[in-house]
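Read through the structure below, which is laid out as structure tokens, and then see the notes.
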Amino acid sequence: LHLSIRRQRQMCIRDRDKAIDIGAIVAPTQLQKIEQLVNQGVEEGAIKWQPSWACPTEGYFFPPTLFTNVAPASTIAQVEIFGPVLVTMTFRTPEEALALANNSRFGLAASIWSEDINVALHAAARIKAGIVWINSTNLFDAAAGFGGYRESGYGREGGKEGLYEYVKRRGQGAGAKAQGKEPGKPKQAALVPSGKNGADHLPLIDRTPKNYIGGKQARPDSGYSTAIYSPAGQLIGEVGTGNRKDIRNAVEAARAASGWASQTAHNRAQILYYIAENLSARASEFAQRIRQQTGRSDGEQEVEAAIERLFTYAAWADKYDGAVHSTPIRNATLAMVEPIGTFGLICPDQYPLLGAISLLAPTIALGNTVVLIPSEKYPLSATDLYQVLDTSDLPGGVVNIVTGGRDELAKVLADHNDIDALWYFGSAEGSAVVERASIGNLKQTWVSDGRERDWLDRREGEGEEFLRHASQIKNIWVPYGA
């Protein structure tokens with residue numbers, strides 16, 4: 001504290017001078033905002049320290065200010081001030097320091113100071129910020145990405161990750177085909193009207209799949225169900241009609257399963273392999289379900305592609321890793337790939353099983369948890385899938401499935417502040433609604449804008465594009481040398 005106060009008194013403050021420590025505030029409105037927040041901090045019980053000298057009278061200046069005795073919930077500890085104001089809090093253990101640092105809606109950058117490099121690196125991996133400097137601050141270079149987490153925004157400038165902000169997948173131009181019909185002209189399959197093999201004509205067992213929340217089947221809050229018909233008009237099942245409360249429960253279950261991210265990538269890969277093996281054991285059943293719902297004759301091809309996709313992302317789980325950037329100082333700049341958190345996945349109608357697997361597998365492979373909204377037209381493939389998840393050692397809450405109206409539930413997810421990222425593969429109108437509603441907490445969005453993908457084509461339906469959108473990069477600057 002005494003060193004900080006002494007440094008305050010020595011600071012040089014004026015405008016347009018290379019020798020200054022503090023320059024002018026950018027605009028009078030920002031100066032007023034800083035003054036308002038500083039006064040509010042004093043009113044809430046914090047102790048303000050400022051140097052004895054006065055600021056220049058010409059221009060918009062604010063003196064360097066230090067706050068002590070700050071409560072974690074106080075306004076100045078929770079908002080970005082964007083002025084020469086330092087807010088300090090005390091802690092007793094590294095765990096308490098991490099809890100204080102992450103108790104914020106923002107996460108642009110952090111500095112960690114420690115004589116123990118092991119403690120510093122352990123903390124750097126757990127800080128929720130896009131940039132972490134160890135025993136240093138304000139280090140920048142175009143070779144390393146710069147950007148934040150949470151409400152400090154997403155996307156990166158600099159480095160390879162910054163380049164991706166300026167490119168699109170080939171075929172996403174103005175001439176891309178709008179979504180609304182199945183790709184190609186699928187052949188109609190003979191529908192099995194009853195029984196297991198169609199030999200008898202008894203009615204099917206009346207079974208209404210429930211939502212899947214926290215590793216358990218859960219009845220929808222509304223008490224209502226939606227009938228699902230085959231292309232021939234035969235009733236083939238009913239699914240629950242999910243609502244806002246079901247989404248709330250699913251998000252809470254997903255947040256409670258955040259320990260999934262701390263499991264080793266190898267362990268996550270093994271569970272994905274296990275899911276693929278168990279799906280393979282029931283391949284004919286899932287293919288028949290696809291034929292029932294869609295009338296297409298390529299159900300076996302879709303199931304086989306879904307199994308291969310699970311194997312692909314299982315292999316990627318422990319191989320999609322970071323890098324060490326070549327920055328021009330004695331510094332190891334580590335680019336760490338981290339999960340984003342809790343995802344909302346809005347699945348396409350094309351290929352009801354493969355579409356869901358193509359979104360689900362990359363997100364959970366990298367340690368995210370998921371609230372999945374299956375195809376509104378063909379939801380039974382996804383509700384059958386949770387039986388496979390139950391037998392594949394996947395921890396409860398990592399995957400949660402809520403059936404119902406796609407765009408209605410997508411809007412609820414987009415409005416939810418505990419959803420960190422949202423993928424939407426549906427109409428252009430729905431894409432626009434999702435992006436507008438997601439502004440509330442700056443959640444990351446990836447939408448199709450009504451353009452369809454050929455999910456059977458591996459160039460469109462899988463790969464590093466999905467892994468990039470399922471992760472975020474944290475750059476950790478570690479100086480070295482005597």
Side-chain angles (χ1 to χ4, degrees), residues 178-182 208-214 217-229 235-255 293-294 342-353 355-356 358-360 363 369-386 397 399-453:
Q179 185 166 316
K181 62 178 182 179
E182 301 292 340
T208 300
K210 303 175 182 65
N211 293 327
Y212 184 66
I213 297 175
Q217 299 183 42
R219 297 183 184 276
D221 172 70
S222 67
Y224 297 112
S225 59
T226 302
I228 306 300
Y229 294 92
L235 178 67
I236 57 175
E238 296 183 9
V239 296
T241 304
N243 62 15
R244 180 180 297 272
K245 187 173 180 180
D246 298 308
I247 293 294
R248 181 201 69 186
N249 294 340
V251 172
E252 288 178 355
R255 303 291 284 192
Q293 295 176 102
T294 66
T342 300
F343 268 72
L345 302 179
I346 316 299
C347 298
D349 286 331
Q350 301 99 331
Y351 301 108
L353 176 64
S358 297
L359 304 187
L360 179 65
T363 50
T369 57
V370 164
V371 177
L372 183 142
I373 311 300
S375 162
E376 184 176 357
K377 293 172 63 178
Y378 315 123
L380 296 175
S381 294
T383 56
D384 289 347
L385 182 64
Y386 66 60
V399 175
N400 305 273
I401 300 173
V402 179
T403 55
R406 177 179 63 194
D407 288 349
E408 175 188 349
L409 296 177
K411 176 64 164 57
V412 176
L413 283 169
D415 286 331
H416 203 299
N417 283 340
D418 280 339
I419 290 291
D420 300 303
L422 185 58
W423 292 1
Y424 177 94
F425 288 83
S427 66
E429 296 79 9
S431 297
V433 169
V434 161
E435 291 202 314
R436 285 195 299 268
S438 295
I439 293 174
N441 72 336
L442 285 182
K443 59 174 61 66
Q444 301 190 28
T445 58
W446 188 26
V447 300
S448 65
D449 291 317
R451 300 183 183 96
E452 65 182 27
R453 288 178 182 245

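- Residues L422 and V434 are in side-chain contact: their nearest non-hydrogen atoms beyond the backbone lie under 4.5 Å apart.
- Counting heavy atoms from C-beta on, the side chains of Q217 and Y386 come closer than 4.5 Å.
- With sequence neighbours left out, K411 forms a salt bridge (charged side-chain N to carboxylate O under 4.0 Å, His left out) with D415.
- Residue L380 forms a side-chain contact (heavy atoms from CB on, under 4.5 Å) with just one option from L385, T403, V239, L353, and that option is V239.
- Sorted by first and then second residue, the pairs that involve residues 242-251 and meet salt bridge (charged side-chain N to carboxylate O under 4.0 Å, His left out), not counting sequence neighbours, are D221-K245.
- No side-chain donor-acceptor contact under 3.5 Å links S375 to the backbone of C347.
- Separation of atoms OH (Y212) and CD1 (I401) is listed at 7.5 Å; rounding is to 0.5 Å.
- Note that the CD atom of Q444 and the CD1 atom of I419 stand 12.5 Å from one another [nearest 0.5 Å].
- Taken to the nearest 0.5 Å, the CG atom of L345 stands 10.5 Å off from the CH2 atom of W446.
- Listed by chain and residue number, nothing satisfies the ring-ring contact (aromatic ring centres under 6.0 Å, His included) test with Y424 (two or more places apart in sequence, or in another chain).
- For K210 (side chain) and G240 (main-chain N/O), no donor-acceptor pair under 3.5 Å exists by modelled atom type.
- Closest approach of A382 to L372, counting heavy atoms only: CB-CD2, 4.5 Å.
- Here R436 contributes atom CZ and S431 contributes atom OG; the two are 10.5 Å apart, rounded to the nearest 0.5 Å.
- Side-chain contact between R406 and D349 is present, with heavy atoms from C-beta onward closer than 4.5 Å.
- Closest approach of G355 and P348 over heavy atoms only: CA-CG, 4.0 Å.
- By the 4.5 Å heavy-atom criterion applied to side chains, L235 and I228 are not counted as neighbours.
- The closest side-chain heavy-atom distance from V433 to D407 is not below 4.5 Å.
- No side-chain donor-acceptor contact under 3.5 Å links N243 and S222.
- Between the side chain of S438 and the backbone N or O of E435, no donor-acceptor pair lies under 3.5 Å.
- Residues G397 and T369 come closest through the heavy atom pair O-CB, 4.2 Å.
- Contact check for I346 versus L413: side-chain heavy atoms found under the 4.5 Å cut-off.
- Shown here for N400 and A253, the closest heavy-atom pair between the two residues is OD1-CB, 3.5 Å.
- For the atom pair F343 CZ and L359 CG, the distance stands at 10.5 Å (nearest 0.5 Å).
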Stepwise side chain to side chain contact (heavy atoms under 4.5 Å, CB included) check, W423 with T445:
CA-CA 6 Å; W423 292 1; T445 58; over 6 Å; no
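- The shortest side-chain heavy-atom distance between V251 and I247 falls under the 4.5 Å cut-off.
- Side chain to side chain, E238 and T226 fail the donor-acceptor criterion of an N or O pair below 3.5 Å.
- What you find for D418 and T342 is that their closest heavy atoms are O-CB, 3.7 Å.
- A distance-only check finds a donor-acceptor pair linking the side chain of K443 to the backbone of H416 [under 3.5 Å].
- In this structure, Q350 CD and R453 CZ are separated by 11.0 Å, a value rounded to the nearest 0.5 Å.
- Panel note: side chain N441, backbone N417; a donor-acceptor pair is recorded below 3.5 Å.
- By the 4.5 Å heavy-atom criterion applied to side chains, S381 and Q293 are counted as neighbours.
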Given the rule in the side chain to side chain contact (heavy atoms under 4.5 Å, CB included) test, do I373 and V402 qualify, once you have shown the distances and angles that lead to the verdict?
CA-CA 5 Å; I373 311 300; V402 179; 4.0 Å; yes
